[in-house]
Each structure stands twice: as structure tokens, then as C-alpha cells.
Amino acid sequence: MHHFKWRMAFLCLLNLGLITGCASDNEEDLYANPGTCDTSAVTFSGTMNAILENRGCKGCHGAASPSGGVILDSFAEVQKRANSGQLMGAITHAPGFTPMPFGGTKISDCEIASIKKWIDNGTPNN
Ligand code: HEC
């Protein structure tokens with residue numbers, strides 16, 4: 001139990017830098033025009049991978065040592081968490097879920113809308 005807590009604290013420190021470091025780059029990519037959010041061409045390989053990478057999700061949820069047992073660096077595992085409702089619950093900070101990114105700032109509304117669109121599309125492996 002103690003070990004787990006220290007590991008978590010360490011991972012959080014590691015990822016704080018990552019999250020803040022990438023936040024601005026990421027928003028530029030997603031907001032070609034400020035105030036607009038285009039979710040018409042959302043893909044797993046492009047959009048989803050970019051968000052999970054840029055927001056530090058993969059750093060804590062890699063297959064080798066996944067926080068909370070949640071793996072987010074493979075299509076099948078992301079699809080599993082999408083279908084269980086955990087992915088949306090965690091990123092929207094819904095009651096009953098642990099808010100993600102863990103210890104970090106909520107991801108942008110456009111990123112949340114993009115993930116929701118991918119789920120609404122039926123979680124395609126595209
Ligand atoms: C600093 C490490 C860290 C980062 C960054 C992080 N997570 Fe997590 N995540 C955790 C830990 C630790 C847990 C287990 C929490 C628990 O058991 O309450 C977890 C749990 C989860 C869960 C299960 C939540 C639930 O209540 O069922 C999901 C889904 C998840 N993370 C998705 C994400 C996504 C998506 C991102 C990026 C936007 C992300 N995580 C970023 C550490 C992290």
C-alpha cells in the first residue's frame with residue numbers, strides 16, 4: 001500500500017511537467033480557428049492517440065505498469081474503457097469516477113467532444 005502511494009506521487013510529479021508542457025501545443029492543433037471545434041474527422045490513430053499522448057494519459061497508463069490497471073496505449077484497451085463508460089466518466093470528472101488526468105487539469109472541451117464523437121461513432125479502429 002505504501003509502495004503504491006509513493007509510486008503514484010512520483011508518477012504525478014513526472015507527468016505534471018508533461019501536461020503543462022504540452023497543453024498549449026495541443027490546443028493550437030485542435031483549434032485551427034479559435035472558438036470552433038471540428039469533430040467531423042475524428043479517428044483513433046490520429047485524434048485519440050494524440051490526445052492520450054499529449055495529455056499524459058499514456059505515461060501513466062502504459063501496458064508495462066498501468067496506473068489503476070487501466071491500459072490506454074492499445075486500441076482494444078481504450079475501446080474497453082470507452083465501452084465501460086469509464087473513459088468519459090473520468091475525463092468529464094463525473095461523480096463516481098476518479099477525475100483524469102490524475103492530479104492534473106481537465107482536458108479541453110474540444111478534446112472531450114472529440115472523444116465523445118469517437119465513442120458515438122462506435123469506437124472505430126480507424
Ligand atoms: C499521473 C498519472 C495519471 C495520468 C496522467 C492519468 N491517469 Fe488515469 N489513472 C491514474 C490512476 C492512479 C488511476 C487509478 C485511480 C483509482 O483507482 O482511483 C487512474 C484511473 C483511470 C481510469 C479509471 C477511472 C475510474 O474511475 O474508473 C481511467 C478511465 C483513466 N485513468 C483514464 C485516463 C485518461 C483518459 C488520462 C488522460 C486524459 C489519464 N487517465 C491520465 C493515473 C493517471
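Excluded from the calculations below are hydrogen atoms, water molecules and symmetry mates; all remaining heavy atoms, backbone and side chain alike, are included. Whatever order the structure lists ligands and atoms in, that order sets their numbers, starting from 1. Since the model is a prediction, treat every value here as computed from it, not as a measurement.
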Peer 1: First locate atom NZ of K58, then atom CD1 of I51, and finally report the distance between them rounded to the nearest 0.5 Å.
Peer 2: 11.0 Å

Peer 1: Against heavy atoms of M100, which atoms of ligand 1 measure under 4.0 Å?
Peer 2: 6 (C), 7 (N), 8 (Fe), 9 (N), 10 (C), 13 (C), 19 (C), 20 (C), 21 (C), 30 (C), 31 (N), 32 (C), 33 (C), 34 (C), 36 (C), 39 (C), 40 (N), 41 (C), 43 (C)

Peer 1: Please list, in number order, the atoms of ligand 1 under 4.0 Å from a heavy atom of I91.
Peer 2: 35 (C)

Peer 1: Record the part of Q86 in heavy-atom contact with ligand 1 below 4.0 Å; permitted values are side chain, backbone, both and neither.
Peer 2: both

Peer 1: Counting each atom of ligand 1 from 1 as listed, which ones have a heavy atom of C57 under 4.0 Å away?
Peer 2: 34 (C), 35 (C), 36 (C), 37 (C), 38 (C), 39 (C), 41 (C)

Peer 1: Give a yes or no on whether F97 and V70 share a hydrophobic cluster (residues Ile, Leu, Val, Met, Phe, Trp, Tyr; joining criterion: side-chain heavy atoms under 4.5 Å apart).
Peer 2: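 F97 and V70: separate clusters.
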
Peer 1: So which of I112, T98, L87 gets nearest to atom 35 (C) of ligand 1, if we judge by its closest heavy atom?
Peer 2: L87

Peer 1: Parallel, tilted or perpendicular, judged at 30° and 60°: which one describes the rings of F75 and W118?
Peer 2: perpendicular

Peer 1: Does H93 use its side chain to pair, donor to acceptor, with the backbone of M100 at less than 3.5 Å?
Peer 2: yes

Peer 1: Please identify which of these residues, R81, Q79, K80, meets the side-chain hydrogen bond (donor to acceptor under 3.5 Å, both in side chains) condition with T123.
Peer 2: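 Checked R81, Q79, K80 against T123; only one passes side-chain hydrogen bond (donor to acceptor under 3.5 Å, both in side chains): Q79.
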
Peer 1: Nearest to atom 7 (N) of ligand 1 by heavy atom, K58, E53, H61: which?
Peer 2: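 Nearest option to atom 7 (N) of ligand 1, by heavy atoms: H61.
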
Peer 1: Sub-3.5 Å donor-acceptor pair from the side chain of S45 to the main-chain atoms of N126, do we have one?
Peer 2: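 Here the side-chain-to-backbone pair exists.
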
Peer 1: For atom 11 (C) of ligand 1, which candidate among S84, G103, S67 provides the closest heavy atom?
Peer 2: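 Ranked by closest heavy atom to atom 11 (C) of ligand 1, first place is S67.
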
Peer 1: May I ask you to list the atoms of ligand 1 that are less than 4.0 angstrom from any heavy atom of L72?
Peer 2: 32 (C), 33 (C), 34 (C), 35 (C)

Peer 1: What atoms of ligand 1 come closer than 4.0 angstrom to any heavy atom of G68?
Peer 2: 14 (C)

Peer 1: Counting from 1, what ligand 1 atoms have a heavy atom of G56 closer than 4.0 Å?
Peer 2: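 The atoms of ligand 1 under 4.0 Å from a heavy atom of G56 are 5 (C).
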
Peer 1: Please give me the minimum heavy-atom distance between P66 and A63, naming the atom from each residue.
Peer 2: CD-O, 3.5 Å

Peer 1: Using a 3.5 Å distance criterion without hydrogens, assess whether the side chain of S67 forms a donor-acceptor pair with backbone atoms of C60.
Peer 2: yes

Peer 1: Going by the order shown, which atoms of ligand 1 are within less than 4.0 Å of some heavy atom of P101?
Peer 2: 38 (C), 41 (C)

